[in-house]
Structures are given as C-alpha cells and as structure tokens.
Novice: 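Take this structure, written in structure tokens, and hold onto it; I'll ask about it next.
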Amino acid sequence: MFKGIYLQGKPQAWRGRKKIGLAASAAAILLVAASGSALSQGVSQRPVVGEEALQTAATAPATPLSLTKAIELALEGSPEVAAATRQWEATEGQVLQGRARPNPELAYSLEDARSRTRTQSWQLNLPVELGGKRAARTKAAEKSREQAQAQLNELKAALRANVATAYFDVLTAQERLVLAKDSVALAKSSTDTVAKRVAAGKVSPVEESKARVAEAGIRVELAQAASEQRNALSRLFALLGKIEAPFTVLEGKAENLPPVPKLADLQSLISSSPAVVLARIEVDRRKALTDLEQSKRVPDITVSAGIQRSNETQRNILLFGVSVPLPVFDRNQGNLLEALKLEDKARDELQGATVRLHSEVAQAQERLSTIAAEVQSLRQDVLPGAKSAYDAATIGFENGKFNFLEVLDAQRTYFTAKSQYLKALGEAHRAAADVDRLLGGSTGPRLIATQN
C-alpha cells in the first residue's frame with residue numbers, strides 16, 4: 001500500500017518542495033486559462049445549432065388563457081355546437097321547400113289500338129293551391145328555423161356557463177394546491193421545531209410522533225389537491241375540445257368575485273332568456289301549423305288543358321277542364337283538432353317555462369348573494385382571526401408557552417377556514433355561471449366577462 005513519502009529530519013526540504021508544487025500548479029492553471037481565452041477569441045461565439053431555440057423555448061413564458069378566449073375555443077371546437085349549427089342550416093331547406101309551388105303534370109292517353117280509329121290525347125294538368133296553403137307552409141318552416149336558432153343559442157349559453165364553471169374550478173384548485181403546499185411547509189417547520197425541542201429534552205418524544213403524523217396527513221391532502229387540479233384542467237380542456245393542455249397558465253384569480261345583481265334587474269331579462277324564447281317560438285310554430293291545417297280544409301283545384309288527335313277524322317280537338325275534390329268525408333278535421341291541442345300545449349309549456357325560470361333565477365341570485373356574503377365574512381373576519389391565532393400559537397410553542405396540541409388545533413382551524421373560503425369562492429362562481437346560463441349570457445358583461 002502506498003503510504004506517501006516521509007522526510008525525517010528535513011522539514012525545510014518538505015516545505016520547499018510543497019511551495020514548488022503549488023507554484024507549478026498555479027502556473028499550469030494560468031496557462032490553461034490563457035490558452036482557453038485565446039481559443040475562445042479565435043473561434044466564433046455563435047451557439048451550437050438548436051441551442052438558441054432550446055433556450056428560447058425554455059425561457060419563453062407560457063401563453064395565459066383568459067376566460068373570454070376559453071369560451072371562444074369551446075364554441076369553435078364543440079361537437080354539440082357544430083351539430084346544432086348543422087341542424088339550423090338544414091332548416092333552410094324546409095323554408096325553400098315551403099315556398100315551392102306544386103309541379104304541373106303531363107298526361108297522355110291512347111284510345112283504340114287500331115291505327116285507323118286511334119285517338120291520342122296530350123294534356124297538361126296544373127294544380128292551384130287555395131286557402132293560403134303556401135303562405136302558411138312557409139311561415140311554419142320559418143318558425144322551425146327560428147326554433148333551431150333558439151336551440152343553438154341555448155346550447156351556447158349552457159356551454160359558456162360550463163366553461164366559466166370549469167375555468168374557475170381550475171383557479172380554485174390552484175389556490176387549494178398552493179394552500180396545501182404552504183400547509184406542508186408549515187407542518188415540516190413544526191416537525192423540525194418539535195424535533196429540536198425533543199433533542200433538547202424540553203418535550204416528550206410523543207410530541208414529535210404527533211407532529212410527524214400531522215405532517216403525513218397534510219402531505220396526503222397535498223396529493224389530493226394536486227390530483228384535483230389535474231382533473232379540473234382535464235375537464236376544462238375537454239370542454240375546449242383539446243386532448244392535451246395547450247395552456248398551463250390561467251388569467252385572473254378565484255377570489256375576484258362578480259358583483260351581485262339585483263333580483264329585479266335579472267327578472268326583467270327573463271323574457272329574453274333562451275328557454276322562454278324557445279317556448280315562445282314553439283307557440284308561434286304551433287299556431288302556424290294550425291293555420292296550415294286550417295288552410296287544408298279548402299280544396300285545391302286542378303286546371304287541365306290539352307289536345308286530342310283522332311286518326312279517323314284527322315282533326316285536333318282542344319281540351320280544357322277543371323277538377324275540384326269534394327270535401328264530403330275528409331275535411332281534415334282530425335289534423336286540425338290535433339294542431340289546436342298541440343298549440344294549447346305549447347302555450348301551457350310557455351307559461352310553465354316562465355314560472356320555472358323566475359324561480360330558478362331567484363334561487364341562483366339568492367345563492368350568489370348568500371355565498372358572496374359568506375366569502376366577505378370569511379375574508380374579513382374568520383381568516384385573519386384564524387391566521388393570527390395560528391401565528392400566536394406557533395410563536396408561543398417555540399417559546400415554550402404552548403404545547404404542540406394547541407399548535408395543531410390552531411393550524412387545523414386556520415386551514416379549515418381557508419378551505420371553506422376556497423370552497424365558497426367556487427360556489428360563488430358556479431352560481432354566477434348558473435345565472436348566466438339561465439339568462440342566456442345577457443348578464444355576461446356583469447357576471448362572467450369581467451370576473452378575470
């Protein structure tokens with residue numbers, strides 16, 4: 001085994017050799033540095049190919065996603081909205097078909113198979129609609145088109161509300177994740193403090209066990225908060241029609257609550273809500289169908305004109321005729337009765353939709369008002385008091401005035417209040433989105449669009 005060199009009785013020689021070795025090492029370092037500097041001056045300073053792009057990608061800030069942009073992406077990429085749009089476009093065909101007039105008919109007849117006595121007839125039959133059937137049919141088709149448009153608007157309002165809810169669920173989940181991380185940091189600090197006090201013999205080792213158990217429980221809550229944030233992001237981007245998350249940063253804060261509108265202002269908007277508009281259009285459509293069935297009670301006539309050629313007389317005979325069906329047995333009474341009853345049903349549904357919407361809007365406004373008051377109370381009274389009590393308990397424990405159970409109780413109280421606050425924020429945004437969904441976005445500039 002190598003033991004080194006020992007110069008007995010020659011300490012000065014050893015020191016001299018040590019100084020020489022250090023000087024040689026320093027000279028070698030300076031030589032390498034000088035050669036590296038010269039080499040760097042002779043070589044181009046451009047980075048390696050692709051390095052600049054990688055650095056730019058690494059340092060480029062993530063594109064933030066605003067609520068307005070999220071709603072636009074959802075409306076553009078939603079399959080349900082696309083299908084409803086196709087349905088609305090298809091109703092244009094009903095309008096075109098309703099405006100069409102009946103086709104004329106060309107008839108040919110042959111009498112007597114023998115050539116000498118054969119008689120041939122060519123006749124043009126033109127149906128003529130009476131009783132306003134074409135106008136009634138066109139109006140019914142136009143009402144169907146308006147109905148499809150109202151259904152599309154209702155679907156867009158629901159999608160907009162769902163996106164807003166999911167958007168603020170993500171913001172709330174992010175706040176909850178930050179809270180869980182802070183909880184873990186505080187729990188770790190408390191555990192370290194207890195461990196030091198146990199090592200100093202000031203407290204029982206049982207206190208350290210309790211602290212570690214509490215820290216483990218908080219770490220479980222951290223894992224749950226992280227999972228909840230990932231799930232919230234997944235729900236949001238599913239509404240946007242995205243499989244992967246192209247945005248990692250959302251604009252706004254969950255604690256920015258919308259203003260609480262007055263109930264009277266909301267009720268004045270109910271008449272223009274998608275549900276009421278859709279029910280009103282259904283009444284108009286049913287009335288148009290009733291008028292159509294009523295017009296069918298008037299029989300149509302068919303005007304005929306043609307030429308008859310007789311080989312026996314070698315003469316052409318002009319033909320003219322009019323045919324009118326006789327409404328003796330079928331006067332369209334069954335279809336008319338059905339249309340009248342369905343019209344009455346549509347009126348009842350309109351009344352029911354109006355009453356139901358008044359109730360739902362009032363409930364959503366009351367829920368938003370109550371939750372907003374709860375958030376205000378938690379923000380101004382509960383959270384500051386709980387945080388002050390927790391800080392006092394922590395300082396007192398470090399100074400030996402409180403035991404660890406009191407610290408745990410204060411910590412649990414503070415983070416429970418914080419969790420309740422975040423939950424109330426989520427419920428407030430959900431209530432605001434419900435109001436927007438019920439009223440079809442007419443409250444958007446006041447409830448959703450300015451929340452972030």
Novice: Check the pair D284 / K139 against salt bridge (charged side-chain N to carboxylate O under 4.0 Å, His left out), numbers first and verdict last.
Specialist: CA-CA 9 Å; D284 296 339; K139 184 177 181 180; over 6 Å; no

Novice: Indicate whether any N or O donor in one side chain lies under 3.5 Å from an N or O acceptor in the other, for S304 and N125.
Specialist: yes

Novice: When rounded to the nearest 0.5 angstrom, what is the spacing between CD in Q365 and OG in S369?
Specialist: 5.5 Å

Novice: Side-chain donor-acceptor contacts of residues 351-364 below 3.5 Å, not counting sequence neighbours, with atom names and distances?
Specialist:
residue: T354; atom: OG1; partner: L350; partner atom: O; Å: 2.9
residue: S359; atom: OG; partner: Q363; partner atom: NE2; Å: 3.0

Novice: Does the pair D391/K387 count as a salt bridge with the N-to-O cut at 4.0 Å?
Specialist: yes

Novice: Any carboxylate oxygen within less than 4.0 angstrom of a Lys/Arg side-chain nitrogen, looking at E427 and K423?
Specialist: no

Novice: Please step through salt bridge (charged side-chain N to carboxylate O under 4.0 Å, His left out) for the pair E215 and K188, ending with a clear verdict.
Specialist: CA-CA 6 Å; E215 180 182 353; K188 182 67 171 58; 5.5 Å; no

Novice: If I compare all heavy atoms of Q94 with all of A141, which pair ends up nearest, and what's the gap?
Specialist: O-CB, 3.4 Å

Novice: With side chains defined as the heavy atoms from C-beta onward, is the minimum distance between R101 and E129 less than 4.5 Å?
Specialist: no

Novice: Counting neighbours of NZ on K287 that are heavy atoms of other residues, nucleotides or ligands and sit closer than 6.0 Å, is the number greater than 12?
Specialist: no

Novice: With heavy-atom distances below 4.5 Å as the criterion, would you say the side chains of R176 and Q229 are in contact?
Specialist: no

Novice: So, do L239 and L73 sit near enough that their side-chain heavy atoms are less than 4.5 Å apart?
Specialist: no

Novice: S78 versus L240: any side-chain heavy-atom pair under 4.5 Å?
Specialist: no

Novice: Under the rule for ring-ring contact (aromatic ring centres under 6.0 Å, His included), what residues qualify as partners of Y108, not counting sequence neighbours?
Specialist: W122

Novice: Quick one: side chain to side chain contact (heavy atoms under 4.5 Å, CB included) partners of Q224, sequence neighbours excluded?
Specialist: V220

